[in-house]
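For reference, the structure discussed in these notes is given below.
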Number of protein chains: 2
Amino acid sequence: MLRENLTVAIEDYLKTIHELTLTDGRATTNRIAECLEVTPASVTGMIQRLASADPPLVAYHKHHGAKLTPDGERAALEVIRHHRLLETFLQQTLGYTWDEVHAEADRLEHVISEELEERIAQSLGNPTQDPHGEPIPNRELQLPEQSWVRLSDLAPGQRAAVQRVGSPTPELLRYLSSIGMVPTTGLAILDRSEFDDNLRIQIENQPEPVVLGLKVTQQVYVEVV
Amino acid sequence: MLRENLTVAIEDYLKTIHELTLTDGRATTNRIAECLEVTPASVTGMIQRLASADPPLVAYHKHHGAKLTPDGERAALEVIRHHRLLETFLQQTLGYTWDEVHAEADRLEHVISEELEERIAQSLGNPTQDPHGEPIPNRELQLPEQSWVRLSDLAPGQRAAVQRVGSPTPELLRYLSSIGMVPTTGLAILDRSEFDDNLRIQIENQPEPVVLGLKVTQQVYVEVV
DNA sequence: TGGGAAATTTAGTTTAGCCTAAATTATATT
DNA sequence: AATATAATTTAGGCTAAACTAAATTTCCCA
């Protein structure tokens with residue numbers, strides 16, 4: 001879509017900052033370092049480079065984390081579009097399962113051309129969701145309307161249907177598969193406990209709701225009914 | 001197939017050394033530098049690293065170029081398998097044409113997993129030739145029998161059918177398309193001139209053979225009839 | 001066989017991106 | 001408000017992989 005020059009490392013930083021801004025509200029040095037598995041000192045160095053690049057890709061004030069500039073945002077969305085199209089393609093066309101696509105897409109996303117991006121999108125009929133239920137930015141890098149809501153944004157007691165679970169935690173995955181439920185196809189009723197952040201799941205055709213002993217993380221998305 | 005650790009740069013060097021050894025008989029510093037578009041000095045530096053790696057990937061004697069060790073050969077063939085499978089996949093599955101696949105494959109070849117390699121191979125029915133007619137090493141990295149012959153290996157006057165042209169020169173490509181012939185589908189009779197190395201092509205349904213004003217290079221392959 | 005051109009290597013720099021250790025700034029607790 | 005702890009930045013260094021310029025080796029030919 002736009003001009004390049006960006007290294008793999010830089011694209012990873014931009015993607016991470018974008019992601020953290022969405023989920024945590026801000027992208028701090030330490031969180032970025034965690035996500036990328038580098039030291040905080042390395043993050044500081046890179047953020048400074050990105051902020052003094054031409055054009056700047058992040059806005060930066062010492063000790064207060066990073067925000068993407070419009071240019072940085074565009075670059076991030078480009079990588080995210082690559083990633084999610086690739087995940088979808090690997091699943092639909094090459095028979096990957098749901099949980100195998102991520103690592104592969106994480107490497108491919110940096111090297112595919114706009115030409116390949118477009119051919120993949122076409123061959124899939126320009127999908128708007130990837131296999132995890134995450135939205136795929138369109139050709140103009142706009143995110144589609146999203147019916148998903150962050151679990152942590154639900155009011156306690158509010159109910160929601162889990163038709164798909166975006167980026168589920170390993171614990172949730174393990175549990176769902178232990179009851180024979182594949183997250184992309186299963187259906188359950190959730191509510192957020194009023195007393196704590198544990199997940200409470202009502203399985204269809206089962207009498208009792210199940211309380212999962214795991215924290216509600218901001219990475220879990222559900223569809224409100 | 002085997003262990004990794006190899007950088008993109010190293011894989012490119014190994015691939016180039018393999019290629020040059022096949023076509024030129026040897027891989028000299030300057031030829032490698034040309035192919036990779038780096039300076040000869042950089043090549044010397046890298047060859048020395050590859051030779052003193054553990055295990056060594058090339059055998060190196062100062063001022064006498066590089067030869068791949070069995071380890072280096074294996075690594076090169078792995079990359080070549082990736083490259084040629086990807087070219088085939090891009091053409092068959094995503095509708096790329098013949099001449100668009102190379103650059104894309106050149107970047108993807110370094111990042112696909114063995115898993116993806118295998119899925120692509122399976123989905124294509126384990127092909128043994130890529131869209132250029134080049135052989136694809138099998139899972140065990142053995143090259144299949146090859147019916148292609150280097151044009152420069154033909155005896156003067158010997159005739160051959162061009163069903164495909166492997167790695168054609170830009171001049172040949174331009175000519176072939178100017179007469180409406182797509183190399184993968186067209187058919188012509190070639191013979192090597194007795195007086196020089198120019199290409200002589202007899203087109204079906206045309207009375208006179210055409211003599212192309214271009215050198216026979218070692219990159220042009222034809223199928224002997 | 002000696003000498004010049006071409007090929008190759010050495011030496012010394014550069015840039016990207018990471019690291020550790022130490023210093024600094026922000027936040028939280030009492 | 002004082003200070004302990006957590007978060008962040010600075011300083012200095014390392015490796016991979018490129019570069020330029022200079023030195024060296026090989027090769028070929030008169």
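Chain letters run A, B, ... following the sequence lines, proteins first, then strands; residues in each count from 1. Values below: all heavy atoms of this structure, side chains included; hydrogens, waters and symmetry mates excluded.
- Spacing between atom CG of B:D12 and atom C1' of D:dA18 amounts to 14 Å, rounded to whole angstrom units.
- Residues satisfying the salt bridge (Lys or Arg N to Asp or Glu O under 4.0 Å) criterion with B:R26, sequence neighbours excluded, are absent altogether.
- Two residues, A:V8 and B:P40, neighbour DNA chain C, and the one matched to the more 5' nucleotide by heavy-atom proximity is B:P40.
- Among the protein residues, B:T39 comes within range of the nucleic acid bases, having at least one heavy atom under 4.0 Å from a base atom.
- Looking at A:S123, its side chain does come within 3.5 Å of a backbone N or O of A:I120 through a donor-acceptor pair.
- Electrostatic pairing of A:E100 and B:R119 counts as a salt bridge here, judged by a charged N lying under 4.0 Å from a carboxylate O.
- Between B:D130 and B:R81 no salt bridge is recorded (no basic side-chain N to carboxylate O distance below 4.0 Å).
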Close N/O contacts between protein and nucleotides 21-29 of chain D (under 3.5 Å):
none

Could I get a table of every N or O pair under 3.5 Å where one atom is in the protein and the other is in nucleotides 3-6 of chain D?
none

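- Here the C1' atom of nucleotide C:dT8 and the CZ atom of B:R26 are 12 Å apart, to the nearest Å.
- Neither OP1 nor OP2 of D:dT8 sits under 4.0 Å from any side-chain N or O of A:Y60.
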Evaluate side-chain hydrogen bond (donor to acceptor under 3.5 Å, both in side chains) for B:H110 paired with B:H82, printing each intermediate quantity in order.
CA-CA 8 Å; B:H110 304 292; B:H82 286 184; over 6 Å; no
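- Between B:I32 atom CD1 and C:dT9 atom P there is a gap of 9 Å when expressed in whole angstrom units.
- In the set D:dA18, D:dT20, D:dT9, D:dT9 carries the atom at the smallest distance from any side-chain atom of A:Q48.
- Between B:E78 and B:R74 there is no salt bridge, since no side-chain N of the basic residue sits under 4.0 Å from a carboxylate O of the acidic one.
- B:L143 has its side chain out of reach of B:T128: every pair of non-hydrogen atoms, C-beta onward, lies at least 4.5 Å apart.
- Residue B:Y13 places none of its side-chain N or O atoms closer than 4.0 Å to OP1 or OP2 of D:dA16.
- The phosphate of D:dA18 has neither OP1 nor OP2 within less than 4.0 Å of any side-chain N or O from B:S42.
- Proximity of B:T7 to the phosphate of D:dA16: no side-chain N or O atom is located under 4.0 Å from OP1 or OP2.
- Going from atom CG of A:L50 over to atom P of C:dC18 covers 11 Å, rounded to whole Å.
- A salt bridge is defined here as a Lys NZ or Arg NE, NH1 or NH2 lying under 4.0 Å from an Asp or Glu carboxylate O, and B:R139 with B:E118 meets this definition.
- Counting any heavy atom pair closer than 4.0 Å across all strands shown, A:T29 reaches sugar-phosphate atoms only and no base atom.
- Taking a cutoff of 4.0 Å between a charged side-chain nitrogen and a carboxylate oxygen, A:R84 and A:E87 do not qualify as a salt bridge.
- Atoms CD1 (B:I47) and C1' (C:dT10) sit 14 Å apart, rounded to a whole Å.
- Between A:I10 atom CD1 and C:dT15 atom C1' the separation is 12 Å, expressed in whole Å.
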